[in-house]
Each structure stands twice: as C-alpha cells, then as structure tokens.
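This structure is a prediction, so every number in the text was calculated from the model and none was measured. We name chains A, B, ... by the order of the sequence lines, and we start the count at 1 in each one.
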There are 2 protein chains.
Amino acid sequence: MMSHMRYCCLMAVDREHVLRSAADLLTRKATATMDEVAKAAGISRATLHRQFAGRDALVKALEELGLRQLEEALDRARLDEGAASDAVRRLVVEVQPVAGFLAFLVTENQLFEGEQQHQGWARIDERFAVLFRRGQEAGEFRIDLSPAWLTEALYGLIGAGAWSVQDGRLAAKDFSYMIVELLLGGVRRSVER
Amino acid sequence: MMSHMRYCCLMAVDREHVLRSAADLLTRKATATMDEVAKAAGISRATLHRQFAGRDALVKALEELGLRQLEEALDRARLDEGAASDAVRRLVVEVQPVAGFLAFLVTENQLFEGEQQHQGWARIDERFAVLFRRGQEAGEFRIDLSPAWLTEALYGLIGAGAWSVQDGRLAAKDFSYMIVELLLGGVRRSVER
DNA sequence: CGCATGTGAGACATCATTGTCTCATCCGCT
DNA sequence: AGCGGATGAGACAATGATGTCTCACATGCG
C-alpha cells in the first residue's frame, strides 16, 4: 500500500489545512454546519465526510492534532531551562502558531459533558503549572497567585491574543510581546522596568 | 393592561433566571438544544418558546440583558473616579456577578456573521479603553501596551476567571483579587510590592 | 366557588442537518 | 492516450431540532 507518495492535489497537507480552518471557524461559530466547515476549508461536504466520518470525528481529530501540536510547542520551548520568565517568553512564541487551536480547545474542552477531562489536556495543564511553580520557588514569580490560576489566565490571554490577531485588532508580530509583557509585568508602571 | 402585578410563580424574575441559566449552559455547550436550555432553566420547552420566539430571539435577549447588566456594572464602578488602578479593581468587583454573561458574549459576539458589530459592545469596549488610556496618561500604567489590547486581555482574564470559578478551580471570593493582581502587577516579583 | 392566566406534557408537521450514495470530472502518473 | 485515485455536485433517506398546537392542571384573583 501507499506505493505512490505523490499526491494528486494535496493530501496529508490538506487534512491539516482542513482542521486548521475548521478550528478557526468553530472558534467563532460553534454551531457551524458541516457544510459551512467544508466551505470554509474550500472543499466539498463529500470530501469532508471522506476524511472525517462525522462531526464527532472531526472534533476528536481537531483535539488530537491541537493537543499534539501544543505539546510539540511546549517541547520546543524548553520550559525547564533557564529563568522561568524566559521560559514563559519562549512558550508564548512557540504557541503562537497554534493559538487558534488552543482557543478552540479551551472553549470546547468542557463540551465533554459527563466524560472525563481529556487526559492530554491535563498533561498540558500540568506542564504550565510546573513552570509557574518553578518560577515561584526560584523567587522569580510572586506566590500569591496560584499556578493553577496562572495557567488558566495564560490560556485566557493567549485566546484573547489569537482572537485579536484574527480580527485585525492586534498585529501578529506583537502577539507574544503583548501577552508576555502583560503576564509578567502587569499593566502598572513599576520602578524596576 | 397589567392590572394585576401579582405573579403566579415568578414572572419578570423568571425571565432573567432563564436567561442566566441559558448563558451558563450555552457558555459550556454552545450547541445545546432548546430542550436542554429549558431543562437547565427548570421550565418546559413550551414555556421557553412562549417567552422567546426561537433560538435567535433567545440569543438576542441574552445579548441585550448581558450588555445592559454589564453597562450597569460599569456605571457602579465609577471608572472615571480616583486612581485608575482602583477603578480597575472596582470594575472587576462589579463585573463578577455578570462574568458568566460576559464570557458567553465574548465568545458568541462574532456570531453575527456579516452584520455589524453590535454597537452596544463597541460602547463597552470604549469604556474599558478610556479607563486604560486614563491610567496611561496619568503615568500610572505603562504605555507600551495599547488600551485596545488591555481591553481584550481583561475580557480574557475575566472569562478565564468566570470559567475557573464555574469549574471549582478558583474560589469565588478570590475572583477579583486574582484577576486584578495579575492584570495590574503581573506575575513577576517586583521590588515595589 | 368559578374564572382567568400561566404552565407542563406531549402530539404533530416542518425544516435543517446528517450520513450515504452515485456519477461526472479533473489531475497526475505510466 | 489511458488508467487510477480523489474530488465536487447533487440525490436520497434517516435523524434530530424546531415551531405550533391541544389539553390537563395548578395557582391567584374576584
């Protein structure tokens, strides 16, 4: 099988592109139809159904790809090296390309009503929290804001950033600066800056 | 008309309660059925349909009430009085009761596909931005983070907070502290604290 | 008590979405 | 040119949501 690695128009690439546009669309309009998702991706509904059995399969694939890419971004950010502040900076930079995915996943993850919290998500939560805890123990971060809250807050900021970029209210090149500076330093002017 | 102000079980109150539970539910599960919305509010689907012609009417009412309550919260916060930092603090405190609404509105507001951005929303945006600009001009806030971004970021933080409280990851009493401290001071320890 | 109003439960037709199918077409490859 | 694989367009039934209806019941009021 797979004797020909040449693809007709696009193939493995297409799958990712489809998921990317689906995430973009579903982030804004969670009730979007399969037909709308297909059109947003520039393919027909038939092809969409060939790649993903149904809406559930699409969302699951969306989660898997998003979580995987997010984990890869965290790997690249080397969260356990150097100063925690710098690690946060690297983290946001690496996360930017997947920020759309992250925004979607954050809003959609509790969609799993009674089921257990997707464990892949818990792992990512933990990696964020570990970083913040490390910064606290190193005396670099304040200790009156819990790692769990900082994790949620960073999700929120990244989502807001992705959102703003998508709407043209924020230049993509300012994405990481705006997020990191606000998260680390806050809005208040301080003498040490 | 309206000769009897006595209500059977609840009436005007009920409407608000319905909208409140609808916001809570739809924030978590945007694809929720009218039937689910009705059950979440503790009423029958028939009654829900009597109060709101359909899903669109429900969402529109949701927006109107949410925006109105949000504006009222901003009024109470007296954003133009005293130090900008204190105004931010009052703002978050006043917004907390409507944070669920706000989280819903933020995610759902672009649901209006081609139509114009709901103008009521633009007004609220502006009030936030004015506050941040005032803080900057007073030398209280740093000037390298644009008021527009700070507005979006605060939405994100409030949403994350509402979200965390709803899931029990954050105590309701810590809501405003966690948000305000992070927004104003950031996570980095600084000498002036 | 009798009436009016609002409600819950359910039946029902209608509509939209979904999932599956077929068929014509296009493109890369041999 | 001929072939294989993938696609787009559309038909189709099945499913689910929606909107409207009726009826029985409860509650407040005169």
- Query: What nucleotide, of dT18(D), dT7(C), dG8(D), holds the atom closest to the side chain of Arg55(B)?
  - Reply: dT18(D)
Could you run down the sub-3.5 Å N/O contacts of the protein with nucleotides 23-25 of chain D?
none

- Message: Between Thr47(B) and dT7(C), is there a contact of a side-chain N or O with OP1 or OP2 at under 4.0 Å?
- Response: no
- Task: Could you check how far CD1 of Ile43(A) sits from C1' of dG8(D), rounded to whole Å?
- Result: 11 Å
- Task: Would you mind reading off the distance between Leu48(A) atom CG and dA6(D) atom C1', rounded to a whole angstrom?
- Result: 15 Å
- Message: Using OP1 and OP2 only, check whether a side-chain N or O of Ser44(B) sits under 4.0 Å from dA9(C).
- Response: no
- Task: Find the distance Asp56(A):CG to dG19(C):C1' and express it as a whole number of Å.
- Result: 12 Å
- Using 4.0 Å as the upper bound for N to carboxylate O, is an ion pair formed by Lys39(A) and Asp35(A)? yes
- Rounded to whole angstroms, how far apart are CD on Gln51(B) and P on dT7(C)? 6 Å
- Could you tell me whether a side-chain N or O of Ser44(B) sits under 3.5 Å from a main-chain N or O of Thr47(B), the two making a donor and an acceptor? yes
- Of the candidates dT18(C), dG8(D), dG19(D), the side chain of Met34(B) sits closest to dG19(D)
- Cationic N near anionic O, under 4.0 Å, Arg68(A) to Glu72(A): yes
- Between Ala46(A) and Asp35(A), name the one whose nearest nucleotide on DNA chain C is closer to the 5' end. Asp35(A)
- Single-linkage hydrophobic cluster, 4.5 Å side-chain cutoff, Val93(A) and Val187(B) together: no
- Before accepting this row, confirm whether a basic side-chain N of the pair Asp86(B)/Arg78(B) lies closer than 4.0 Å to the acidic partner's carboxylate O. no
- Between dT17(C) atom P and Glu36(A) atom CD, what is the distance in whole Å? 7 Å
- Task: Check the distance between dT7(C)'s P and His17(B)'s NE2 and give it to me in whole angstrom.
- Result: 13 Å
- Quick one: Leu58(B) CG to dA17(D) C1', roughly how many Å, whole number? 15 Å
- Any donor-acceptor N/O pair, Arg142(B) side chain to Gly186(A) backbone, under 3.5 Å: yes
- Looking at the side chain of Arg45(B), which of dG10(C), dT18(D), dG19(C) is the nearest nucleotide? dT18(D)
- Is the backbone N or O of Ser164(A) less than 3.5 Å from a side-chain atom of Arg169(A), with the two atoms forming a donor-acceptor pair by type? no
- Item | His49(B) NE2 - dG8(C) C1' separation (whole Å) | 14 Å
